[in-house]
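First up is the structure itself, then whatever we jot down about it.
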Amino acid sequence: MVSGSDQHGTPITIKAEQEGKKPGEIAARYHQQFLESWQKLGISFDLFTTTGTANHAQVTQDIFLTLLGQNYIYKNTSSQPFCPQCKRFLADRYIEGTCPYCHSEGARGDQCEACGKPLSPAELIDPHCRICGTPPVFRDTEHFFLKLSAFNDRLLAWIKKQTHWRPNVLNFSTRYLEEGLKDRAITRDINWGIPVPVDGFEDKRIYVWFEAVIGYLSASKEWAASSGDGEKWRSFWQNNEAKSYYFIGKDNIPFHTLIWPAMLMGYDDNFNLPYDVPANEFLTIEGRKLSTSHNWAVWLLDYLASYDPDPLRYLLSINMPETSDTDFSWREFVRRNNDELVATYGNLVHRVLTFVYKNFDGAVPTYTDMGVTNITTITQAYAELELKASTVLNNMDNELSKCHFKFALTQAMRLAQEANRYLDEKSPWKIIKENRQDAAKSLYVALSVISQLKTMLYPFLPFSSQKLHEFLGFTGKIEDYGWKWQVLPPGQKLLPPQPLFTKLDDSLVEEETKKLGQGPT
Ligand SMILES: [Zn+2]
Ligand SMILES: [Zn+2]
């Protein structure tokens, strides 16, 4: 699992100009914030690097020169927008206008955010300089072009076989290829970025989107080198048993399903192409398009200063825009936390652990005919729910590998509901006085299901799963036990019961909603 932050996008240079800083300082500041956010949110990578390393520049220039040698990159003079006021060429985000396809305003020189289409500056309607608003003039300048047209047929044949892709990703990419790919300029008249390794191009740089996708390969190489075996990256890139997944948002689809595969095809036929690109649709906030430049955002570090990470992870997972756009609202956040995490899952855990702790000397209950703690030795009536839990655990494994995250999570939450119903039916709290054995059995079954829930919910709720792991008397890290049913040893000491989740107050909805539109604090 490798990733990293981009150092070279024009948003970084624009921000640097606004703040009077160097682009490298801006990039480094954001990189630190990303690292802190991942760590606090429980998201871990084997390597989270940047595209500012010497290794990345070297891998990029190698791919550039190889494609150049194969004539997949060629030189051409083209007319590019130039701001007569600022006296410079307007690359990518330095130019804005109206999208010729969907007619949204604020489309950029490289892409329209609203419809996702890659654009070239000449296509924009009413173009103007982002910095001073002046309409540009077009001037001739020499650049390198990636010959995407040469890959159109191969890409189409390959994409048609990717029937396991999400329909939106597959349809978007196919439509594109059926219209025919155009060659794209992959250098820019800017001085921030990876140098073009060709004489005469000293004042130009490699276009960020050509080199940013190379980050997947360069990060793998950096990871291999740091692991002590510099060749280890090959088992991911050159072994055709390896499946690579690219997790992105829908505005990045063409770069991952068309441009990057084309670059890989041209660079080396033995490299693995993406196995899956499970791009998400958009998440809106309170019904409006999320925009960090307009401060219409929930700032992660602000969120984490007030709330636990798991409720947010839960909402973003259960409400993930897997196949269509979804909305984040603070009301939904409170509702999901209180009704689902607290009332369904948290309550199941809390009522079972509290009752067991009080009535069975703070330990996992034992009953006479339990034998070995294995589903086959527990009588059928009791085993049914445990069997169900095992099935859910296996199904979830399968669904997760297909990137069906919402469906996987829903199955686990349904199991928690069933465990609640099971307890209502068995009522161990009522029968304990006349039939302690029966009460012990149903509580043992409930605890077993809870022990499986902590595993199946771990990818979604890592912090509460680790807590629950310890509540149940286990030590060490939950992930070390792997994706399997962790059998509870009878008699294992439990921790004194504490709630797994905190109920949130409705008043936060208004408070937090008011903060939208303001910057991070
Ligand atoms: Zn558009
Ligand atoms: Zn200007």
Side-chain angles (χ1 to χ4, degrees), residues 9-21 23 26 78-141 143 148 168-182 184-185 188-193 203-205 207-209 248-259 279-284 287-294 296 321 324-325:
T10 47
I12 292 169
T13 48
I14 288 173
K15 185 106 186 157
E17 281 162 32
Q18 284 165 351
E19 293 189 17
K21 296 222 163 79
I26 301 290
S78 67
S79 172
Q80 293 295 327
F82 183 88
C83 177
Q85 184 73 31
C86 303
K87 298 202 171 17
R88 68 169 168 203
F89 282 101
L90 302 176
D92 309 322
R93 293 200 182 197
Y94 281 93
I95 184 169
E96 276 184 358
T98 304
C99 172
Y101 298 99
C102 75
H103 299 279
S104 294
E105 283 178 28
R108 307 173 327 227
D110 55 347
Q111 192 183 28
C112 169
E113 257 186 17
C115 71
K117 285 251 189 193
L119 298 173
S120 67
E123 292 177 276
L124 290 173
I125 300 164
D126 296 329
H128 52 266
C129 169
R130 166 102 181 260
I131 303 295
C132 73
T134 310
V137 293
F138 280 79
R139 280 196 187 174
D140 280 356
T141 175
H143 281 294
L148 285 166
N168 48 335
V169 179
L170 196 57
N171 294 340
F172 185 93
S173 310
T174 310
R175 213 164 46 234
Y176 229 86
L177 290 164
E178 282 169 351
E179 286 169 17
L181 286 182
K182 287 187 207 127
R184 287 171 66 85
R188 294 289 187 270
D189 290 282
I190 45 176
N191 54 23
W192 174 246
D203 53 353
K204 307 195 184 203
R205 294 291 179 270
Y207 171 45
V208 62
W209 252 112
I248 57 162
K250 75 170 164 191
D251 47 342
N252 285 336
I253 293 173
F255 300 103
H256 290 80
T257 64
L258 306 172
I259 296 176
N280 280 321
E281 299 289 294
F282 289 146
L283 180 80
T284 54
R288 266 176 61 184
K289 191 178 177 226
L290 193 152
S291 163
T292 49
S293 51
H294 296 105
W296 198 256
S324 57
D325 294 354

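When a residue number appears, it is its place in the shown sequence, counting from 1. In listed order, ligands and their atoms are each counted from 1.
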_Minimum heavy-atom separation for Leu283 and Pro321, please, with both atom names._
N-CG, 4.1 Å
Could you tell me if [Y] and [X] have a donor-acceptor pair between their side chains, going purely by distance under 3.5 Å?
X	Y	answer
Thr10	Asp92	no
Thr141	Lys204	yes
Asn168	Glu281	yes

*For the Zn ion (ligand 1), state how many protein N, O or S atoms fall inside a distance shorter than 2.8 Å.*
4
*Side-chain ion pair, Asp325 and Lys250, N-O less than 4.0 Å*: yes
*side-chain hydrogen bond (donor to acceptor under 3.5 Å, both in side chains) contacts in which one or both residues fall within residues 97-109, not counting sequence neighbours*: Tyr101-Glu123, Arg108-Asp110, Arg108-Glu113
*Hey, mind stepping through Leu148 and Leu258 against side-chain contact (heavy atoms from CB on, under 4.5 Å) and telling me if it holds?*
CA-CA 9 Å; Leu148 285 166; Leu258 306 172; 6.0 Å; no
_By the definition side-chain contact (heavy atoms from CB on, under 4.5 Å), identify the one residue from Ile253, Leu181, Thr257 that meets it with Tyr176._
Leu181
*Hey, could you give me each pair passing ring pair (Phe, Tyr, Trp, His ring centres under 6.0 Å) that has a residue in residues 80-99? Not counting sequence neighbours.*
Phe82-Phe89
*Could you please give the number of protein N/O/S atoms within less than 2.8 Å of the Zn ion (ligand 2)?*
4
